[in-house]
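Report on the structure given below.
So that the names make sense, note that chain A is the first sequence line, chain B the second, and so on, each numbered from 1.
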Amino acid sequence: MKLARYVKFREEKFGGVLFETRSEKVFTLNPTATAVVREIQAGSEARDIPARLKARYKDEGDAIEREAQAFIAELRQKGLVED
Amino acid sequence: MPIPASTPAATGSGDLGAPLYIAWQVTNECNLACLHCIEESGPGKAFPDELDDEQTFAVLEQAMDLEVPYLSFSGGEPMVHRRFFDMAQYVCGRNGQLKVETNGHYLGPENCARLKEIGVKAVQVSLDGATRDTFNRMRVRGNFDTAVQGVKNLHAAGVPIEINYSPTSFNAHEIGTAVDLAFELGAYSFYTGRTMYTGNAVKTWHRMAPSEEQYGAYFETLHRKSEEYRGRMRVHFHEMGLLEELRYRLHHPAALLIVLPNGLVKLINALPFVCGDLRRQTLAEIWGRFQSAWQDPRVARFVDDLATDPRKTATLHQWIYL
């Protein structure tokens with residue numbers, strides 16, 4: 001999975017932004033979502049990302065994992081990523 | 001986790017480390033002399049102090065270093081700039097996304113192939129008329145057939161196409177046909193809004209300005225066309241009046257910088273205020289004071305004055321330095 005052709009990503013102090021330049025839509029990202037996009041850019045497999053973030057942030061519950069899964073689903077649904 | 005979405009124009013600039021969009025008028029020179037041109041561009045109208053090559057590429061380098069994701073080149077006519085293709089190549093070569101806003105008169109097959117090879121995000125062509133008669137009347141020295149052929153050449157080369165349309169009293173009725181034409185020519189987006197009373201339009205307003213009745217029918221058609229082409233071509237239009245938009249902007253400055261051919265940076269195209277000079281300041285420095293510049297009381301006063309005197313937009317080219 002990678003960012004779709006017309007999607008640009010930039011990190012910000014609050015997290016990050018995704019900019020879909022065809023539709024000219026901007027999506028503001030919180031730190032978890034930003035971490036997901038970083039993983040996507042690094043070439044991680046989508047199915048591995050939630051667990052990787054859970055481990056990285058030493059999350060003993062499943063909040064980060066669920067948040068990351070939901071975010072990846074939304075990225076797909078909005079066409080912001082492609083396989 | 002729903003992702004908050006907006007547009008670059010609606011995205012507040014306050015928390016961002018850099019602009020999301022730079023709209024750069026790369027030259028004021030133009031081969032045409034359009035009745036409505038807000039920049040008063042035309043043959044021989046290049047500013048005497050336009051950025052030189054070194055300054056131009058220094059600004060591009062800064063924009064790319066700051067990871068500004070999206071730039072547009074307009075003018076005047078950007079394709080008459082002597083380094084146009086080098087500039088486009090630089091932006092796209094550094095992974096920036098570039099839109100070129102052109103009158104479509106330099107879109108021969110060879111140039112379209114170059115634009116495709118460079119990888120521009122889109123080329124926006126102004127087609128202010130669905131017929132030869134209205135287009136040629138509006139775009140003095142312009143030729144409808146040349147512009148349409150230019151769009152066809154873009155399509156043949158595989159360059160994404162946007163069409164822009166400025167309404168007047170004599171072309172507003174053609175809007176439906178113009179949207180259809182844009183789709184037939186292969187455009188993926190169509191943009192329009194209200195024509196602004198500034199630049200050349202100040203001199204031609206009496207024979208060019210659409211009436212409110214015409215605007216009513218215009219936007220009604222656009223609503224219909226927007227539905228008709230849903231999922232096939234985006235029909236995007238700004239129905240909001242200038243005053244409403246500026247009042248909104250006072251509190252929500254867009255994450256957008258307008259760069260003039262001489263390196264001056266404006267708060268927004270529809271105001272005369274200049275918040276920086278790229279010949280003397282870096283892009284980062286100008287961005288750093290962009291928010292506070294919007295808070296200057298002269299800006300709010302100008303917007304307030306527009307409510308009682310809408311023709312104040314005639315003075316947009318008398319720059320006020322903040």
For this session: Grab the two heavy atoms, one from B/L20 and one from A/F19, that are nearest each other, plus how far apart they are.
Result: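 That closest heavy-atom pairing would be O-CE2, 3.4 Å.
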For this session: Side-chain contact test, heavy atoms from C-beta onward, threshold under 4.5 Å: evaluate it for B/P160 versus A/R22 and give yes or no.
Result: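 In short, these two side chains touch, coming nearer than 4.5 Å.
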Exercise. Quick one: are B/L16 and A/R10 in side-chain contact, heavy atoms under 4.5 Å?
Worked result: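 Counting from C-beta outward, B/L16 and A/R10 do come under 4.5 Å.
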Exercise. Which of residues 92-99 of chain B have a heavy atom under 4.5 Å from any heavy atom of chain A?
Worked result: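 Against chain A, the residues of residues 92-99 of chain B that fall inside the cut-off (heavy atoms, under 4.5 Å) are B/N95, B/G96, B/Q97, B/K99.
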Exercise. Does CD belonging to B/E285 count more than 12 external heavy atoms closer than 6.0 Å?
Worked result: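 Count over threshold, so yes.
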Exercise. Going from CZ on A/R5 to NZ on B/K121, what distance comes out if it is rounded to the nearest 0.5 angstrom?
Worked result: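 With rounding to 0.5 Å, CZ (A/R5) is 11.0 Å from NZ (B/K121).
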For this session: Please flag which part of A/F14 lies under 4.5 Å from any non-hydrogen atom of chain B: side chain, backbone, both or neither.
Result: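 Interface part for A/F14: side chain.
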